[in-house]
Amino acid sequence: MTDSITKIKEITASKAPMNLLLQADPSIKNVEYYLRQSKCFIVTLEDQIVGACVVKPISENTHELMNISVDPEYQKIGIGRKLLQYVIAATREAKVRRLEVGTGTFGYQLAFYQREGFRVYSIEKDFFLVNYEEPIYEDGIQLKDMLRLMLEFEGD
Ligand SMILES: CC(C)(COP(=O)(O)OP(=O)(O)OC[C@H]1O[C@@H](n2cnc3c(N)ncnc32)[C@H](O)[C@@H]1OP(=O)(O)O)[C@@H](O)C(=O)NCCC(=O)NCCS
């Protein structure tokens with residue numbers, strides 16, 4: 001429905017919408033840290049920022065998706081998927097071979113990434129216990145371990 005009127009563009013990371021990014025990653029310290037070395041993409045709808053995604057170059061061949069978030073009022077109408085597909089295409093065009101992402105071991109986000117071709121390659125036990133001061137809950141379950149997912153661009 002909103003597909004034709006949303007716009008996606010890259011902005012300077014220092015202008016990233018913190019309110020949205022903190023929804024996906026509640027640690028302001030972590031977000032500020034990775035923003036300094038990252039690219040930021042936003043989705044706008046009638047000049048309002050409704051989505052954001054942060055991607056950090058890890059090496060010449062690998063980038064990591066650090067954060068993706070859509071304003072709760074505009075979730076579940078396809079904006080997140082469109083933004084993820086845009087970021088995947090931009091990464092592929094930059095001749096990067098791998099796009100990685102870390103996410104919880106349960107929840108709809110896993111399907112969100114895997115639908116676009118991401119595959120699980122490892123697990124970081126206790127990641128959310130060690131790296132966050134406050135416990136994080138989703139659907140009443142505490143997030144403890146992180147799954148590492150990877151999308152490889154073959155034959156480019
Ligand atoms: C993850 C997120 C960016 C997805 O954005 P979105 O605009 O809601 O996603 P889309 O509308 O493109 O939906 C993609 C799929 O995810 C599903 N989905 C999105 N939000 C959901 C929710 N809260 N519960 C269950 N499924 C959900 C959609 O139903 C859709 O699946 P379908 O095609 O089978 O219907 C967004 O939900 C968000 O900001 N979440 C909070 C932050 C977060 O968890 N970020 C990811 C950290 S790993």
Side-chain angles (χ1 to χ4, degrees), residues 1-11 13 15-35 37-58 62-91 98-152:
M1 181 188 64
T2 53
D3 200 52
S4 56
I5 47 173
T6 53
K7 292 191 182 117
I8 303 181
K9 65 176 178 186
E10 187 175 344
I11 59 163
K15 295 195 172 144
M18 287 302 280
N19 57 332
L20 279 183
L21 301 182
L22 288 171
Q23 183 190 231
D25 182 343
S27 166
I28 192 156
K29 210 166 72 181
N30 289 358
V31 175
E32 282 176 346
Y33 182 72
Y34 56 67
L35 259 183
Q37 305 143 356
S38 302
K39 300 156 176 278
C40 181
F41 299 88
I42 54 162
V43 187
T44 54
L45 176 64
E46 291 167 351
D47 293 332
Q48 183 188 345
I49 300 177
V50 294
C53 182
V54 176
V55 179
K56 178 177 161 188
I58 304 290
T62 306
H63 286 188
E64 179 171 353
L65 192 158
M66 305 302 293
N67 191 311
I68 185 162
S69 181
V70 170
D71 182 330
E73 273 190 46
Y74 296 93
Q75 286 180 8
K76 294 196 191 177
I77 53 171
I79 292 175
R81 179 185 297 193
K82 189 177 165 186
L83 177 58
L84 181 60
Q85 288 174 344
Y86 183 96
V87 166
I88 290 170
T91 307
R98 275 186 301 276
L99 181 60
E100 300 185 359
V101 65
T103 189
T105 48
F106 58 89
Y108 69 92
Q109 292 92 339
L110 259 184
F112 174 70
Y113 294 119
Q114 295 201 36
R115 193 179 280 118
E116 302 306 326
F118 282 85
R119 308 240 339 237
V120 175
Y121 73 91
S122 72
I123 179 163
E124 281 188 43
K125 277 199 80 108
D126 295 334
F127 178 89
F128 293 103
L129 303 179
V130 172
N131 291 285
Y132 290 85
E133 282 165 16
E134 301 291 327
I136 307 173
Y137 286 89
E138 282 212 19
D139 295 333
I141 307 168
Q142 187 176 2
L143 271 180
K144 293 181 182 169
D145 310 310
M146 176 193 261
L147 280 185
R148 303 282 318 167
L149 276 65
M150 178 165 70
L151 180 61
E152 275 189 298

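We count residues from 1, following the sequence as given. Ligands are counted one by one from 1 in listed order, and the atoms in each one are counted from 1 as well.
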**Student:** For a side-chain contact (heavy atoms from CB on, under 4.5 Å) with Val87, tell me which candidate from Ile68, Val54, Val55, Ile8 qualifies.
**Tutor:** Val55
**Student:** Which part of Lys82 is near ligand 1, with near meaning a heavy atom under 4.0 Å away: side chain, backbone, both or neither?
**Tutor:** neither
**Student:** Is there a donor-acceptor pair closer than 3.5 Å between any side-chain N or O of Glu116 and the backbone N or O of Gln85?
**Tutor:** no
**Student:** Which protein heavy atom lies closest to atom 47 (C) of ligand 1, and at what distance to 0.1 Å?
**Tutor:** Tyr113 OH, 4.0 Å
**Student:** With nothing but distance in play, are any N or O atoms of Gly78 less than 3.5 Å from an N or O of ligand 1?
**Tutor:** yes
**Student:** Output the list of atoms in ligand 1 that are nearer than 4.0 Å to some heavy atom of Ala24, sorted by atom number.
**Tutor:** 42 (C), 43 (C), 45 (N)
**Student:** Looking only at heavy atoms, is any part of Val101 under 4.0 Å from ligand 1, and if so is it the side chain, the backbone, or both, or is it neither?
**Tutor:** neither
**Student:** Gly80 versus ligand 1: do any nitrogen or oxygen atoms come within less than 3.5 Å of each other?
**Tutor:** yes
**Student:** Has the side chain of Asn67 got a donor or acceptor atom that lies under 3.5 Å from a matching backbone atom of Cys53?
**Tutor:** no
**Student:** Of all the non-hydrogen atoms in the protein, which one sits nearest to atom 38 (C) of ligand 1, and at what distance?
**Tutor:** Gln75 NE2, 3.3 Å
**Student:** Check each atom of ligand 1 against the heavy atoms of Thr103 and keep those under 4.0 Å away; list them by number with element.
**Tutor:** 48 (S)
**Student:** Does Phe106, at its CZ atom, have more than 12 non-hydrogen atoms belonging to other residues, nucleotides or ligands within less than 6.0 Å?
**Tutor:** yes
**Student:** Below 3.5 angstrom, do we get any N/O pair linking Glu138 and ligand 1?
**Tutor:** no
**Student:** Is Ser69 reaching over with its side chain to a backbone N or O of Leu20, donor-acceptor style, under 3.5 angstrom?
**Tutor:** yes
**Student:** Just by modelled atom types, is the Val70 backbone N or O under 3.5 Å from a matching donor or acceptor in the Gln75 side chain?
**Tutor:** yes
**Student:** Assess the residue pair Asn131 and Met146 against the criterion (side chain to side chain contact (heavy atoms under 4.5 Å, CB included)); give the C-alpha distance rounded to whole Å, side-chain angles, the decisive distance to 0.1 Å, and a yes or no.
**Tutor:** CA-CA 11 Å; Asn131 291 285; Met146 176 193 261; over 6 Å; no
**Student:** Note the single closest protein heavy atom to atom 33 (O) of ligand 1, along with its residue, its atom name and the distance in Å.
**Tutor:** Arg81 NH2, 2.6 Å
**Student:** Select the closest option to atom 29 (O) of ligand 1 among Met146, Gln85, Lys76, judged by heavy-atom distance.
**Tutor:** Lys76
**Student:** What atoms of ligand 1 come within less than 4.0 Å of a heavy atom belonging to Ser69?
**Tutor:** 39 (O)
**Student:** Would you mind checking which non-hydrogen protein atom is closest to atom 32 (P) of ligand 1, with the distance to 0.1 Å?
**Tutor:** Arg115 NH2, 3.8 Å
**Student:** What residue and atom, counting heavy atoms only, is the protein's closest point to atom 14 (C) of ligand 1, and at what distance?
**Tutor:** Phe112 CD1, 3.7 Å
**Student:** Starting from atom 45 (N) of ligand 1, find the nearest protein heavy-atom neighbour and note its residue, name and distance.
**Tutor:** Ile68 O, 2.8 Å
**Student:** What part of Gln109, side chain from CB on, backbone N/CA/C/O, both or neither, has a heavy atom under 4.0 Å from ligand 1?
**Tutor:** side chain
**Student:** Answer yes if the side chains of Thr103 and Gln109 hold a donor-acceptor pair under 3.5 Å, and no otherwise.
**Tutor:** no
**Student:** Under the 4.0 Å line, does any protein heavy atom show up next to atom 23 (N) of ligand 1?
**Tutor:** yes
**Student:** Distance from Phe128 atom CZ to Lys144 atom NZ, nearest 0.5 Å?
**Tutor:** 13.0 Å
**Student:** So, the side chain of Thr62 versus the backbone of Ile58: is there a donor-acceptor pair under 3.5 Å, distance only?
**Tutor:** no
**Student:** Among all protein heavy atoms in this structure, tell me which lies nearest to atom 18 (N) of ligand 1, with the distance rounded to 0.1 Å.
**Tutor:** Tyr108 CD1, 3.4 Å
**Student:** Considering only the protein, which heavy-atom contact is closest to atom 39 (O) of ligand 1, and what is its distance?
**Tutor:** Val70 N, 2.8 Å
**Student:** So, does Asp139 use its side chain to make a donor-acceptor pair with the main chain of Ile141 at under 3.5 Å?
**Tutor:** no
**Student:** Are Asp25 and Leu21 close enough that some pair of their side-chain heavy atoms sits under 4.5 Å apart?
**Tutor:** no
**Student:** Verify the contact flag for atom 11 (O) of ligand 1, where contact means a protein heavy atom under 4.0 Å away.
**Tutor:** yes
